[in-house]
Amino acid sequence: MAHLSNQSHHAETPDHEDRIEIGSLTPHFQAHGFPWKQVLGYVASLLLTALAFVLVMNHVLPPTALIAVILVLAVLQAMLQLGVFMHLRESRGSAWQVIVLGLGFFMAAGLIIASVWIMMFKAGVS
Amino acid sequence: MSHIIAELFPPSTLRLFELIADVLIVLTTVSIVGVLTYTKKWVWLWREWLTSVDHKRIGIMYLIAALVMLFRGGVDALLLRTQLAFPNNHFLGPEHYDEIFTTHGTIMIFFMAMPFLFALFNVAVPLMIGARDVAFPRLNAVSFWLFAFGALLLNISFVIGGSPNAGWTAYPPLTELRFNPSVGENYYFLSLLIAGIGTTITGINFMVTILRMRAPGMTLMKMPMFVWTVLVTGALIIFAFPPLTVSLALTLFDRLFGSSFFTLGHGGMPMMFVNLFWLFGHPEVYIVVLPAFGIFSEVVPVFSDKKLYGYPIMVASVLAITVLSYGVWVHHFFTMGAGPGVNAFFGVSTMLIAIPTGVKIFNWVLTMWGGRIRFTVAMLWQLAFIPAFLIAGATGVLLATVPVDYQMHNSYFLIAHFHFALIGGTVFGVLSGMYYWWPKMFGYMLNERQGKVAFWLFFIGFLVTFVPQYMLGLEGMTRRMYTYPPGLGWSSLNLVSTIGAFTQGAGFLVIVYNVLWSMRYGERDLTGDPWNGRTLEWSIPSPAPEYNFAIVPVVHDRDAWWDMKQSGKSEAFKVKSSAIRPVHMPKRSAMPFLLGLSFFVVGFGMTFSWWVIAIIGGLGVLASLLYGAFDYDDFEELDPEVIRRTEAGLGRLQA
Amino acid sequence: MSQAVRRYEETEQHLPIEFADYHESVKITGFWFFLATDLLLFASLFGTFAVMRFDFAQGATPAQLFHYGPLILETLLLLTSSFTCGLAIYQMRRNNQKGMLMWLIVTILLGMGFVGTEVHEFVSYVGMGATWHKSGFLSAFFTLVGTHGAHVTVGILWALTLVVQLVQRGITPRTSRKLFTFALYWHFLDIVWVFIFSFVYLSSMTGGRIA
Amino acid sequence: MPKRHSPRGRHRYWLTLAIALGLTVSGCGQQYVVLHPKGPVATSELNLLILASVAMALVIIPVWMLFAYTLVRFRDNPRHEGVFVPKWQSSRLLEILLFVVPLIIVAVIAVPTVQKTYALDRLPPKKDPVVINVTSLDWKWLFQYPGQHIATVNYIEIPAGKPVLFELTADSPMNTFWIPQLGGMEYTMPGEVLPLWLEANKPGVYMGRSGQFSGTGFVHMVFSVKAVSSAAFNSWVQQVKTTAPGMSLATYHSIVKIGTMGHESFSSYPAGIFPTTTHGFTLTGSSPMKMP
Ligand code: HEA
Ligand code: HEA
Ligand code: CUA
Ligand SMILES: [Cu+2]
């Protein structure tokens with residue numbers, strides 16, 4: 001790699017490593033025409049929500065299964081929001097937020113599940 | 001009026017020894033203030049320091065604060081040890097003793113170890129990666145002032161209103177209003193909440209700095225090891241502090257607003273606090289030790305004149321430690337009976353951490369193998385760390401052995417374990433880093449001979465203090481006992497331990513002398529590279545100019561500066577006048593200071609439930625934030641001419 | 001010059017405005033990381049709720065408290081505001097200041113509707129005697145849902161300051177970055193709400209309970 | 001039921017080693033309560049401690065020696081002579097070794113840890129243990145014998161050679177219940193009841209204390225455990241039943257009040273002061289709440 005900084009100019013050449021890494025996750029972004037992506041995202045989110053409500057209101061499944069299903073729906077909905085509205089993969093340089101957020105979700109789930117597990121205690125005295 | 005005074009100064013605040021320590025701190029402050037007034041330096045102080053957003057200045061302020069807090073926490077330790085020197089001793093009463101161990105632990109962890117590390121983050125990281133500053137300079141100052149005012153809030157509890165007294169872990173229901181009606185615990189929760197916000201911001205700030213602001217050519221696998229450890233520490237912080245925040249806030253809600261989270265009745269569940277606290281607490285011990293590991297990974301190669309052994313494995317083990325350290329928190333409450341399944345799982349996960357940690361230890365030894373070891377003070381602290389941390393780690397593994405922990409939990413064996421880790425790991429690490437980077441911070445060296453005296457006193461004192469405590473644990477002595485009867489076999493070991501503590505105190509005094517002496521007579525560092533360093537911070541003058549790098553360097557090798565020196569390019573590193581461009585520099589700002597101050601007012605008001613004061617503080621917070629939002633004039637382009645002049649003055653301009 | 005750099009220069013022209021300035025783009029990264037800690041904050045509150053969800057003591061149970069009406073309204077308001085917020089960003093990227101401001105204001109109004117409904121809901125609970133003092137469950141419920149509500153409130157205030165800035169300064173790399181981070185925050189709160197209505201409300205309306 | 005004890009012979013061998021270790025380190029003394037177990041649980045825990053310590057010593061001592069050797073051999077001298085390999089930075093074989101050896105040692109500790117964690121959680125299949133309900137109060141220990149319907153404060157008698165099942169709770173901030181010579185500690189927590197079984201091998205008086213700080217009077221949370229023969233235990237129970245006063249609810253409330261106390265015994269106690277269900281436990285303990 002050439003000695004970039006020798007001909008460096010503040011605004012033009014990479015002063016920073018991540019600008020060289022760019023291209024690893026380029027933003028896809030659409031600015032023309034009708035915002036189809038947003039509209040479809042909205043409709044999908046409404047459908048997912050309605051599904052969850054309807055399932056619960058009509059008690060279509062036994063409670064435990066029902067809870068599992070609505071949690072799955074919630075996760076789908078979260079992924080939808082992240083992808084459509086939050087432009088998760090867009091960034092300048094490597095998309096570090098994907099890694100950090102992924103870890104965050106992992107930890108969050110671990111925290112909740114493990115806490116419940118820990119607090120269940122020994123079932124009585126053996 | 002008189003009732004307000006009685007509330008502010010209950011009898012429990014009239015504590016002789018605390019007062020002596022505070023008087024010492026106050027006297028120092030007053031004399032500094034006096035000197036400032038005398039030399040008309042107030043404006044200078046405000047402009048150059050209190051409103052500074054320069055990472056190097058902020059680092060130095062962290063360092064000063066941390067040293068003061070080390071003194072403060074150390075005096076507490078000496079008081080504890082004096083009380084425990086003899087059985088049935090009456091030096092401190094139970095109330096006083098309880099407050100002192102609480103503040104000792106809290107101060108040492110949150111207001112000594114953390115800021116000391118942040119000092120070194122600030123001083124070294126941007127310079128090591130070839131950056132002009134951190135990613136968020138103003139938020140960096142916000143972090144500092146939140147920490148500083150948080151620390152202040154905790155410290156005034158000794159004088160005004162009463163101190164916290166339920167240990168640094170503050171388990172409810174003991175910390176609930178019913179059992180602890182004084183305001184002391186409010187101070188504890190609020191000061192940690194405030195400082196915690198600052199810490200979280202620091203975590204984010206350094207992660208982004210490292211991920212986004214490295215000099216060209218410095219790929220992740222070419223970053224200095226210290227930078228790696230700061231990166232993962234940032235990750236640990238941003239994931240570990242929220243549970244702490246929640247645990248503190250919920251207890252505070254119980255105390256101030258009558259919720260029922262951890263209370264005795266109303267379905268309260270105190271163990272959930274314990275769970276949340278250690279969800280933070282365990283990662284916290286790695287937050288304070290991983291950067292120390294990083295410092296060692298810089299110091300050892302430099303003073304062994306050799307490349308760091310096994311860099312990729314070091315990186316892998318740091319990452320492994322980070323991930324594993326989230327999965328072990330239950331080892332702090334094995335004896336809360338969550339059942340054999342839970343205990344076995346967390347016992348084994350804890351032991352697994354020993355493997356990557358061991359890899360690191362081996363790699364440092366192998367780095368020295370085949371090198372030329374120079375026994376400088378910075379290196380001595382590192383060399384003492386290895387044997388000490390081995391003991392800490394081995395006894396940690398014993399504690400992770402669940403049935404053994406049933407016998408050791410909360411005993412002095414545990415106290416000895418964590419002091420070996422915290423002092424042998426963190427304190428030795430930050431002292432090593434302080435001696436190592438001192439010339440870069442201040443432009444002069446610390447006297448080596450005095451430094452060695454201090455080292456030996458402290459190291460020997462440390463062993464004499466804490467080795468007997470392992471034995472006390474086996475004799476069944478539990479922690480947080482303000483006194484003990486004779487005849488249990490504890491007396492002589494306690495006396496030995498106390499003697500050791502005072503030896504450490506002597507070592508600390510020599511460090512202070514060392515600093516003061518060197519300020520006057522210390523050897524100037526004119527080269528910018530006094531140790532024959534390997535990383536980029538040594539390629540620029542000491543102390544670094546405001547803009548750090550006149551020209552951003554291009555990195556080709558892991559030991560970037562070493563590589564330039566070896567390939568004879570260090571001369572070429574001299575700045576070509578024509579290549580100098582304007583530099584994007586953050587402007588100083590009063591906002592961070594005012595924000596910290598406002599938070600302090602909020603905290604103080606809430607401590608006493610004086611809502612008017614709290615609301616005034618809250619408005620201050622709001623005003624500072626609004627000011628920040630509408631301030632678009634927060635950076636400037638530094639004139640190349642200024643840089644040219646500075647570099648020429650340092651003799652660094654190419655002809 | 002390496003291929004990577006060339007690729008960078010090609011893409012730079014296509015960068016949306018909020019990413020166009022290097023220093024501003026760094027702030028977006030930082031904001032994502034902030035969201036990660038906020039995620040853990042909510043996770044801690046969710047964990048607390050999960051552990052304490054049956055500690056009713058003498059207080060009310062979910063069956064006595066929760067109703068579909070306000071829940072559906074709140075959910076609709078917030079989902080729609082997420083959509084309008086997305087449209088505001090879309091207009092911002094098209095450099096359409098008017099459209100952007102309009103959608104932003106709609107977002108704010110929807111957010112206010114959400115907060116209002118929630119406040120009304122809480123007040124009705126308290127009116128039934130279900131204060132957070134009553135039980136561990138109620139403490140955990142009010143704190144989790146209330147923290148979300150407080151986040152939304154902060155978001156509204158933040159958006160108001162943004163309206164002023166955008167009117168004053170137009171769409172610049174800096175203002176657009178600010179709006180973009182606000183949008184991230186807003187959608188993030190929407191995600192949190194999805195978990196709240198699923199996990200806190202709907203789960204306890206399934207008729208059974210998992211121990 | 002798996003075997004909980006190691007064979008006698010090996011057991012004694014380890015014990016001797018421990019004693020030798022204790023002797024050399026600090027002078028022999030019964031004061032090392034953890035190293036002088038008086039019951040199967042404590043013995044089992046000590047055995048694990050010794051196993052783990054030996055395993056750790058196998059790591060630590062070689063590393064110390066290697067470290068010391070490195071320092072001596074590679075120290076810089078004025079003429080910079082000696083081996084010098086500034087670029088040496090990896091060795092596949094060494095790395096694998098340094099990873100695998102600790103892994104093995106961890107496994108050596110982890111496997112018995114898991115086994116014992118499960119084993120010690122189960123009562124030995126001897127018939128009906130003595131049950132003692134333990135409540136930690138500020139700052140005293142209240143013991144109830146539901147089988148015998150007597151209660152004591154700050155001291156207990158137990159039959160030696162028989163497992164004792166302690167059911168632990170608190171009507172106060174948390175404490176831990178610890179009798180080092182009989183075995184490890186467990187928390188007493190409001191709103192939870194935790195089981196812990198211990199056993200004394202032979203008659204004797206053992207010290208018990210709290211390991212979790214609970215306020216200014218915490219150091220006074222000591223109690224004594226007197227292990228006696230079964231016959232002596234029964235006659236002690238009879239004696240308490242006939243000579244000690246009964247405990248009324250009012251007496252209980254006065255015991256709950258903050259403060260320290262000496263040894264007490266009671267021939268009866270009011271019903272309902274020890275929780276039978278957990279969560280929603282009230283401070284007075286008199287009206288335990290039902291789980292919904
Ligand atoms: C810097 C701080 C620090 C560090 C690094 C550690 C590191 C470790 N700690 Fe420690 N610990 C604390 C600070 C620290 N700890 C504190 C403050 C507390 C108590 C808080 C309180 O209650 O107030 C505590 C408490 C604590 C407990 C709770 C005990 C109890 O309350 O009952 C346990 C139990 O498992 C434990 C275990 C460990 C382990 C296994 C490690 C491991 O990470 C150690 C790993 C290192 C090694 C093992 C050595 C090197 C390895 C080799 C040479 C390889 C070969 C080794 C093997 C094969 C085993 N610690
Ligand atoms: C990084 C963290 C850290 C550090 C560096 C230390 C340092 C020391 N600690 Fe501390 N300690 C903790 C963290 C730390 N500790 C924690 C977390 C706890 C648990 C608290 C709790 O239970 O909640 C604890 C608890 C603790 C206890 C147990 C108290 C109890 O449970 O009853 C003891 C007892 O010996 C002790 C001793 C010491 C000593 C002797 C030092 C020495 O290294 C200190 C060295 C001394 C100095 C640096 C002072 C120098 C000052 C002078 C020489 C001035 C003299 C002037 C006057 C007297 C006016 N510590
Ligand atoms: Cu040591 Cu007997
Ligand atoms: Cu830990």
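Residue numbering restarts at 1 for every chain, and letters A, B, ... go by the order of the sequence lines. Treat the numbers as computed from the prediction; the structure is a model and nothing was measured.
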Next on the checklist: Measuring only between side-chain heavy atoms, which start at C-beta, is D/F213 closer than 4.5 Å to B/D98?
Outcome noted: yes
Checklist entry - Is it the backbone or the side chain of D/F218 that comes under 4.5 Å from a heavy atom of chain B, or both, or neither? => result side chain
Next on the checklist: I'd like to know whether B/V402 forms a side chain to side chain contact (heavy atoms under 4.5 Å, CB included) with D/L48, so could you lay out the CA-CA distance, the side-chain angles of the two residues, the decisive distance to 0.1 Å, and finally the verdict.
Outcome noted: CA-CA 9 Å; B/V402 182; D/L48 195 57; over 6 Å; no
Item to check | Rounded distance [0.5 Å steps], CG in B/D305 versus CG in D/D76 | outcome: 7.5 Å
Next on the checklist: Main chain of D/P180, side chain of B/Q407: is a donor-acceptor contact present, judged purely on distance under 3.5 Å?
Outcome noted: yes
Checklist entry - Would a 4.5 Å heavy-atom cut-off, applied to side chains only, mark D/F74 and B/K306 as touching? => result no
Checklist entry - Looking at D/G184, D/A68, D/P112, which makes the most heavy-atom pairs under 4.5 Å with chain B? => result D/G184
Checklist outcome for this item: Greatest number of non-hydrogen atom pairs under 4.5 angstrom with chain B, of D/V222, D/I258, D/V219, falls to D/V219
Checklist entry - At a heavy-atom separation under 4.5 Å, does B/W490 approach chain D through its side chain, its backbone, both, or neither? => result side chain
Item to check | Contacts of B/N89 that satisfy side-chain hydrogen bond (donor to acceptor under 3.5 Å, both in side chains) - sequence neighbours left out | outcome: none
Checklist entry - Under a 4.5 Å heavy-atom cutoff, which of B/L383, B/V397, B/I391, B/T169 has the most pairs with chain D? => result B/L383
Checklist entry - With B/T401, which residues qualify under side-chain hydrogen bond (donor to acceptor under 3.5 Å, both in side chains), at least two apart? => result none
Item to check | Between NE2 on residue B/H96 and OG1 on residue D/T216, distance to nearest 0.5 Å | outcome: 14.0 Å
Checklist entry - Does CZ belonging to B/R374 count more than 12 external heavy atoms closer than 6.0 Å? => result yes
Checklist outcome for this item: Applying a strict 4.5 Å limit to non-hydrogen atoms, the region of B/S304 in contact with chain D is backbone
Checklist entry - Between B/P312 and chain D, which part of the residue has a heavy atom less than 4.5 Å away: side chain, backbone, both or neither? => result neither
Checklist entry - What is the distance from atom CD of D/E186 to atom CE of B/M336, rounded to the nearest 0.5 Å? => result 10.5 Å
Checklist entry - Are D/R209 and B/M481 side-chain neighbours, meaning at least one heavy-atom pair lies under 4.5 Å? => result yes
Checklist outcome for this item: From the list B/L308, B/I386, B/N343, the residue making the most non-hydrogen contacts under 4.5 Å with chain D is B/I386
Checklist entry - Say you draw a straight line from CD of D/Q212 to CZ of B/F333; how long is it, rounded to the nearest 0.5 Å? => result 12.5 Å
Checklist entry - Rounded to the nearest 0.5 Å, what separation is found between the CZ atom of B/F179 and the OG atom of D/S172? => result 6.5 Å
Checklist entry - Given a strict heavy-atom distance threshold of 4.5 Å, which part of D/L71 is in contact with chain B: side chain, backbone, both, or neither? => result both
Next on the checklist: Could you check whether any side-chain heavy atom of D/L49 comes within less than 4.5 Å of a side-chain heavy atom of B/M408, counting everything from C-beta outward?
Outcome noted: yes
Next on the checklist: How close do B/M351 and D/I109 get, counting heavy atoms only, and between which atoms?
Outcome noted: CE-CG2, 3.9 Å
Checklist outcome for this item: Checked B/L472, B/V274, B/I355, B/V365 vs chain D; the most non-hydrogen pairs under 4.5 Å come from B/I355
Checklist entry - How close do D/P190 and B/P270 get, heavy atom to heavy atom, and via which atoms? => result CG-CG, 4.0 Å
Checklist entry - How far apart are the closest heavy atoms of D/M185 and B/T335, and which atoms are they? => result O-CG2, 3.3 Å
Checklist entry - Are D/F67 and B/L390 side-chain neighbours, meaning at least one heavy-atom pair lies under 4.5 Å? => result no
Item to check | Check: B/W369 and D/Y69 side chains under 4.5 Å, non-hydrogen atoms | outcome: yes
Checklist entry - Picking from B/P173, B/G310, B/G371, which has the most non-hydrogen pairs under 4.5 angstrom with chain D? => result B/G371
Checklist outcome for this item: When the 4.5 angstrom heavy-atom criterion is applied to B/Y171 and chain D, the contacting part is side chain
Checklist entry - Which pair of non-hydrogen atoms, one from D/A52 and one from B/L398, has the smallest distance, and what is that distance? => result CB-CD2, 3.3 Å
Item to check | Exam field: side chain B/N410 to backbone D/G211, donor-acceptor pair closer than 3.5 Å | outcome: yes
Next on the checklist: Counting C-beta onward and ignoring hydrogens, is there a side-chain heavy-atom pair between B/F362 and D/P102 closer than 4.5 Å?
Outcome noted: yes
Checklist entry - Which answer fits D/A42, side chain, backbone, both or neither, if we ask what part of it has an atom under 4.5 Å from a heavy atom of chain B? => result both
Checklist entry - With side chains defined as the heavy atoms from C-beta onward, is the minimum distance between D/W178 and B/T478 less than 4.5 Å? => result yes
Checklist entry - For the residue pair B/V348 and D/A110, what are the closest heavy atoms and their distance? => result CG2-CB, 4.2 Å
Checklist outcome for this item: D/G215 and B/L174 have their tightest heavy-atom pair at N-CD2, 3.9 Å
Item to check | Interface moiety of B/Y470 toward chain D, non-hydrogen atoms closer than 4.5 Å | outcome: neither
Checklist entry - In terms of ring plane angle, is the pair B/H409 and D/Y187 parallel, tilted or perpendicular, where the classes change at 30° and 60°? => result tilted
Next on the checklist: For B/N180, which atoms come within 4.5 Å of any heavy atom of chain D: side chain, backbone, both, or neither?
Outcome noted: neither
Item to check | Residue selection (most heavy-atom pairs with chain B, distance under 4.5 Å) from D/V111, D/D138, D/L94 | outcome: D/L94
Next on the checklist: I'd like to know which of B/G489, B/S317, B/P403, B/A344 tops the heavy-atom pair count under 4.5 Å against chain D.
Outcome noted: B/P403
Item to check | Spacing of B/D405 atom CG and D/T117 atom OG1 [to the nearest 0.5 Å] | outcome: 10.0 Å
Checklist entry - Regarding D/E45 and B/Y406, is there a side-chain donor-to-acceptor distance under 3.5 Å anywhere? => result no
Checklist entry - Taking every heavy-atom pair that is under 4.5 Å apart, which of D/V106, D/L98, D/V101 has the most such pairs with chain B? => result D/L98
Item to check | Which portion of D/T188 sits near chain B, non-hydrogen atoms under 4.5 angstrom | outcome: neither
Item to check | Which atoms of B/F375 approach chain D - backbone, side chain, both or neither, heavy atom under 4.5 Å | outcome: side chain
